[in-house]
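In what follows, a structure is listed as structure tokens, so that the remarks can point back to it.
Remember, predicted model here, so these are calculated numbers, not experimental data. Residue numbering restarts at 1 for every chain, and letters A, B, ... go by the order of the sequence lines.
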Number of protein chains: 2
Amino acid sequence: MQKNFSANTLEYETLLEQFKKILKKNALKFTLQREMILKALYDSDGHLTPEALHRLIQERHPDIKVGIATVYRTLSLLEDSDIVTSLSFGAQGKKYELGTKEHHDHMICTECGEITEFVDEEIEKRQEKIAQEHGFLMKDHSMQIYGLCQNCQKNNQ
Amino acid sequence: MQKNFSANTLEYETLLEQFKKILKKNALKFTLQREMILKALYDSDGHLTPEALHRLIQERHPDIKVGIATVYRTLSLLEDSDIVTSLSFGAQGKKYELGTKEHHDHMICTECGEITEFVDEEIEKRQEKIAQEHGFLMKDHSMQIYGLCQNCQKNNQ
DNA sequence: ATAGAATTGTAAAAAAATTTCAAGAGAGTG
DNA sequence: CACTCTCTTGAAATTTTTTTACAATTCTAT
């Protein structure tokens, strides 16, 4: 599968180390399941529902059982640790993606749900400036553009 | 209840007409429930879960029964008609809001929850450009800046 | 007013997410 | 390595959220 263009900033090994560190710090354990889930998220293009992630892992490791509950549990854990973020647009359910990618924004097709990522330096800078103007200390931001992707524009005509 | 500052572009009456037109066009009926749901969305500051919306309507009209199923049904209808959009970030579930507001830009203080709204022409234009570059037909957008407002910056020192 | 079709609330069902619990596995200690 | 303590797991049960079925009701166009 094609890796998303918004390349992960971190090598997998680094990410794994980060995860392990957080686990240790909180007296939690590093398990095979947790690693498999992290790896699957890393390798995919993100935007996976818990169900889809579970399915993906089962396909990759038919020999090892991973319960759906563990997927949910691990996703919350990863979200609490700021390693993944969740988002949901339009009709489909909540999706998860690695939060360690280089920052990016989303363009969402309201028809088919396709999500495209993009980064625009100009907007990034401008946001910082707006925050400053309002005496606001910016910690994070998110932006979404809604509309119709090329395909759905055609199909709707 | 206080009206949101991000003023709706449309007067309620206009919005209602638009809704009625869509209904008629699709041989659907205009009902009291549908109107109540649209009105509640219009008056609120948006970002309501179906449950919350249902509760709100029940509070406003204790005399009239509106089933939760009808709320769900109407929300999908409104979403299909591009009158509302749904989105969800972080831990909480899916939320719905009117899709007819002119701008959706918020600056949110993660400490006290204060929401400041802003519009920035440069960003607006830039967004349009990005959409075009991706062959995307932009219908709407939203942007959030998270951080600390002036007050909370002080209090946190 | 009437008829025909869509809509509603209720309750049941399905889907999604969370919790319980006994068995199993990781990590630190010796 | 063995031991123990605690966390984690899968499975199943439970809860929560969303959708569906259906008979009664309401709307819209004559």
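Rounded to an integer number of Å, the gap from CD1 of A:I57 to P of D:dT9 is 11 Å. A:I22 places its CD1 atom 18 Å from the P atom of D:dC7, with the value rounded to the nearest Å. Here C:dA25 presents its C1' atom at 14 Å from CZ of A:R73, a figure rounded to the nearest Å. Going from atom CD1 of B:I64 over to atom P of C:dT10 covers 13 Å, rounded to whole Å. Rounded to a whole Å, the NE2 atom of B:H61 is 14 Å from the P atom of C:dT8. The nearest whole Å value for the distance from the CD atom in A:Q58 to the P atom in D:dT9 is 14 Å. In this structure, the CG atom of A:L75 is 12 Å from the P atom of D:dT9, given to the nearest Å. Taking atom NE2 of residue B:H54 and atom C1' of nucleotide D:dT19, one finds them 15 Å apart after rounding to whole Å.
Note on ring orientation: taking the six-membered ring where Trp is involved, the planes of B:F19 and B:F30 are perpendicular (angle over 60°, cut-offs 30° and 60°).
Under a 3.5 Å cut-off, the side chain of B:Q153 and the backbone N or O of A:G135 do form a donor-acceptor pair. A distance-only check finds a donor-acceptor pair linking the side chain of B:R34 to the backbone of B:K29 [under 3.5 Å].
Contacts between residues 23-36 of chain B and DNA chain C, counted as heavy-atom distances below 4.0 Å, involve B:A27, B:L28, B:K29, B:T31, B:Q33, B:R34.
Inspection of the A:S86 and A:E79 side chains reveals an N or O donor paired with an N or O acceptor under 3.5 Å.
Applying salt bridge (Lys or Arg N to Asp or Glu O under 4.0 Å) to A:E122 and the options B:R126, B:K125, B:K129 leaves one that passes, B:R126.
Scored by the ring pair (Phe, Tyr, Trp, His ring centres under 6.0 Å) test, A:H141 finds A:H103 as partners (sequence neighbours excluded).
Under the 4.5 Å side-chain criterion, counting only non-hydrogen atoms from C-beta, A:Y146 is not in contact with A:H106.
The side-chain tip of A:K39 points at the ring of A:Y12 from less than 6.0 angstrom away and within 45° of straight on.
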Protein N or O to nucleotides 14-18 of chain C N or O, pairs below 3.5 Å:
residue : atom : partner : partner atom : Å
C:dA17  : OP2  : A:Y72   : OH           : 2.2
C:dA17  : O5'  : A:Y72   : OH           : 3.3

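Taking NE2 from B:H134 and SG from A:C149, the interatomic distance works out to 12.5 Å, rounded to the nearest 0.5 Å.
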